[in-house]
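Before I ask anything, let me first share the structure, which is written out below as structure tokens.
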2 protein chains.
Amino acid sequence: MTVMERAPVKARNTCAEDTGHPRPTGQDRYSISEVVAHTGLTAHTLRWYERIGLMPHVDRTHTGQRRFTNRDLDWLDLVGKLRLTGMPVADMVRYAELVREGEHTFAEREELLTAHRENVRERIAELRSTLEVLDHKIDVYADARRASERV
Amino acid sequence: MTVMERAPVKARNTCAEDTGHPRPTGQDRYSISEVVAHTGLTAHTLRWYERIGLMPHVDRTHTGQRRFTNRDLDWLDLVGKLRLTGMPVADMVRYAELVREGEHTFAEREELLTAHRENVRERIAELRSTLEVLDHKIDVYADARRASERV
DNA sequence: CCCTTGCTTGGAGTGCACTCCAAGTCAATA
DNA sequence: TATTGACTTGGAGTGCACTCCAAGCAAGGG
């Protein structure tokens, strides 16, 4: 039974430092399936990330298989966070390009992240305001239920 | 110059009770373009919402044009909130069905909203944890920038 | 030697949430 | 009467982020 290609099972992933998945070995060359187990992404998605330029040039074995480093796992953790907060893939690719271009892009990277931080703050505010509406509506339904139980 | 069909301009909408758009008239029969102005949705989207069963049967004039009520606007405000918090359209349609079916669906509606509230809470937690990462990275870049300015 | 496992590739397909199109109706104005 | 503008419909198209497919290769076990 292989561990590969299973759907992410609506994988709001139990990612990284969380619980189950420490770095597979202490070593620094992980196969794609190890990375799948670690990140909750599918192998398809990892290959796709690389194709579109969202990975910092992954190393290969002499037979052409990918070998990911701890640095790659760190990067994927960051990408996962940005993704969960709704940053478009195109923006993440842009950020990856800036990283590849070197230290003279620090300012632009800072801008990009600052803009995204502002987005995230707005999203939080939206979610909180919806939470109030939900609380209120749920209360109304709960009251109705209790009233009907108390007949 | 028509007001219709303009793109939502990345419309994190300034919706409802917020600022600019009070209920168009004090009356209770709004044309589709009035609702567009009020909600920030496009006319396309409003018609699509109706087609898929996400609206509570919108009234028509004798010539077949839609006339929305204040109740419809309230509903659209709720839908907007649920949408911004990432509830899938299918779930919103399910909720709309329950509303149409009457008061005996109160319990199921409460369940659906409670489940979504839990999602929203998780999303908020995710966003906050990302915010910390962003703050940290932005600090690092800002420090680097200040260091290079202070040469 | 053959089979299975684990991986490789480019390209095609999927699901969601819109978004747009073509063709038409109706009411009001020029 | 002709045109304009706001609206109608069913169905087709779009963009995003995956998701999968077919064909193939290398290494190890029976």
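Per chain, numbering begins at 1; letters A, B, ... match sequence-line order.
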Item to check | Spacing between Met92(B) atom CE and dC16(C) atom P, to the nearest angstrom | outcome: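 It works out to 13 Å between those atoms.
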
Checklist entry - Roughly how many Å is it from NE2 in His44(B) to P in dA17(C), rounded to a whole number? => result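 Rounded to whole Å, this separation is 18 Å.
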
Checklist entry - Would you call the rings of Trp75(B) and Tyr95(B) parallel, tilted or perpendicular if under 30° counts as parallel and over 60° as perpendicular? => result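 Because their plane-to-plane angle is under 30°, the rings of Trp75(B) and Tyr95(B) count as parallel.
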
Next on the checklist: Under 3.5 Å, is there a donor on one side chain and an acceptor on the other for Tyr30(B) and Asp72(B)?
Outcome noted: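 Their side chains do not contain a donor-acceptor pair, so the 3.5 Å distance test is not met.
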
Item to check | Lys137(B) and Glu110(A) ion-paired at < 4.0 Å | outcome: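 Here Lys137(B) does not pair with Glu110(A) in a salt bridge, since their nearest N and O are not under 4.0 Å apart.
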
Next on the checklist: Angle between the two end axes of the helix from dC1(C)-dG30(D) to dA30(C)-dT1(D), five base pairs per end, rounded to 10 degrees?
Outcome noted: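 Answer rounded to 10°: the end axes differ by 30°.
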
Checklist entry - Which atom pair, heavy atoms only, marks the closest approach of Lys81(A) to Thr85(A)? => result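 Closest pair (atom of Lys81(A), atom of Thr85(A), distance): O-OG1, 2.9 Å.
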
Next on the checklist: Checking the side chain of Thr39(A) only, and the main-chain atoms of Val35(A) only, is there a donor and an acceptor separated by less than 3.5 Å?
Outcome noted: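 Such a contact is found between Thr39(A) side chain and Val35(A) backbone.
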
Item to check | Residues Glu149(B), Arg146(B): salt bridge by 4.0 Å N-O rule | outcome: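 No, no charged N to carboxylate O under 4.0 Å.
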
Report all interatomic pairs (protein N or O, nucleotide N or O of nucleotides 11-15 of chain C) with separations under 3.5 Å.
{"unit_1": "dG11(C)", "atom_1": "O6", "unit_2": "Arg51(A)", "atom_2": "NH2", "d": "3.1"}

Item to check | Whole-Å distance separating the CH2 atom of Trp48(A) from the C1' atom of dC20(D) | outcome: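 After rounding, the gap between these two atoms is 14 Å.
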
Next on the checklist: Considering only residues two or more places apart or on different chains, which pairs with a residue in residues 116-139 of chain A satisfy ring-ring contact (aromatic ring centres under 6.0 Å, His included)?
Outcome noted: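 Sorted pair list comes back empty.
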
Checklist entry - Of all residues at least two apart in sequence or in a different chain, which pass the side chain to side chain donor-acceptor pair (under 3.5 Å) check with Asp91(A)? => result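 Asp91(A) satisfies side chain to side chain donor-acceptor pair (under 3.5 Å) with no residue once adjacent residues are dropped.
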
Checklist entry - Are the charged groups of Arg47(B) and Glu50(B) less than 4.0 angstrom apart, N to O? => result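 Here Arg47(B) does not pair with Glu50(B) in a salt bridge, since their nearest N and O are not under 4.0 Å apart.
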
Checklist entry - On DNA chain C, nearest-nucleotide positions of Glu50(A) versus Tyr49(B): which is more 5'? => result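 Residue closer to the 5' terminus by nearest nucleotide: Glu50(A).
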
Next on the checklist: Do the side chains of Asp59(A) and Arg29(A) get close enough for a salt bridge, i.e. N-O under 4.0 angstrom?
Outcome noted: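 Yes, Asp59(A) and Arg29(A) are salt-bridged.
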
Next on the checklist: Counting only side-chain nitrogens and oxygens, does Ser31(B) get under 4.0 Å of the OP1 or OP2 atom of dA6(D)?
Outcome noted: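 So the side-chain polar atoms of Ser31(B) never come under 4.0 Å of the phosphate oxygens OP1 or OP2 of dA6(D).
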
Checklist entry - Does a side-chain N or O from Arg47(B) land closer than 4.0 Å to OP1 or OP2 of dC20(C), or not? => result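 Looking at the OP1 and OP2 atoms of dC20(C), neither is under 4.0 Å from any side-chain N or O of Arg47(B).
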
Next on the checklist: Please report the distance, rounded to the nearest Å, between CZ in Arg29(B) and C1' in dA6(D).
Outcome noted: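 Value for this atom pair: 16 Å.
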
Checklist entry - Which one, dA6(D), dA17(D), dC18(C), comes nearest to the side chain of Ser33(B)? => result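 Within the option list, the nearest is dA6(D).
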
Item to check | Whole angstrom value for the distance that separates P of dC7(C) from CG of Leu46(A) | outcome: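 Rounding to the nearest Å, CG of Leu46(A) and P of dC7(C) are 11 Å apart.
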
Checklist entry - For the pair made of CD1 in Ile32(A) and P in dT5(C), what is the distance, rounded to whole Å? => result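 Those two atoms, CD1 and P, are 18 Å apart.
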
Item to check | Test: Glu126(B) and Arg123(B) ion pair at under 4.0 Å | outcome: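 Here Glu126(B) pairs with Arg123(B) in a salt bridge, since their nearest N and O are under 4.0 Å apart.
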
Checklist entry - Considering only heavy atoms, which members of residues 58-69 of chain B lie under 4.0 Å from some atom of DNA chain C? => result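 Contacting residues: His62(B), Thr63(B).
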
Next on the checklist: If I take atom CD1 in residue Ile52(A) and atom P in nucleotide dC16(D), what distance separates them, rounded to the nearest angstrom?
Outcome noted: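 It works out to 11 Å between those atoms.
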
Next on the checklist: Which residues pass the ring pair (Phe, Tyr, Trp, His ring centres under 6.0 Å) test with Tyr49(A), not counting sequence neighbours?
Outcome noted: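 Tyr49(A) satisfies ring pair (Phe, Tyr, Trp, His ring centres under 6.0 Å) with no residue once adjacent residues are dropped.
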
Next on the checklist: Please report the distance, rounded to the nearest Å, between CG in Asp91(A) and C1' in dC16(D).
Outcome noted: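 That distance rounds to 13 Å.
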
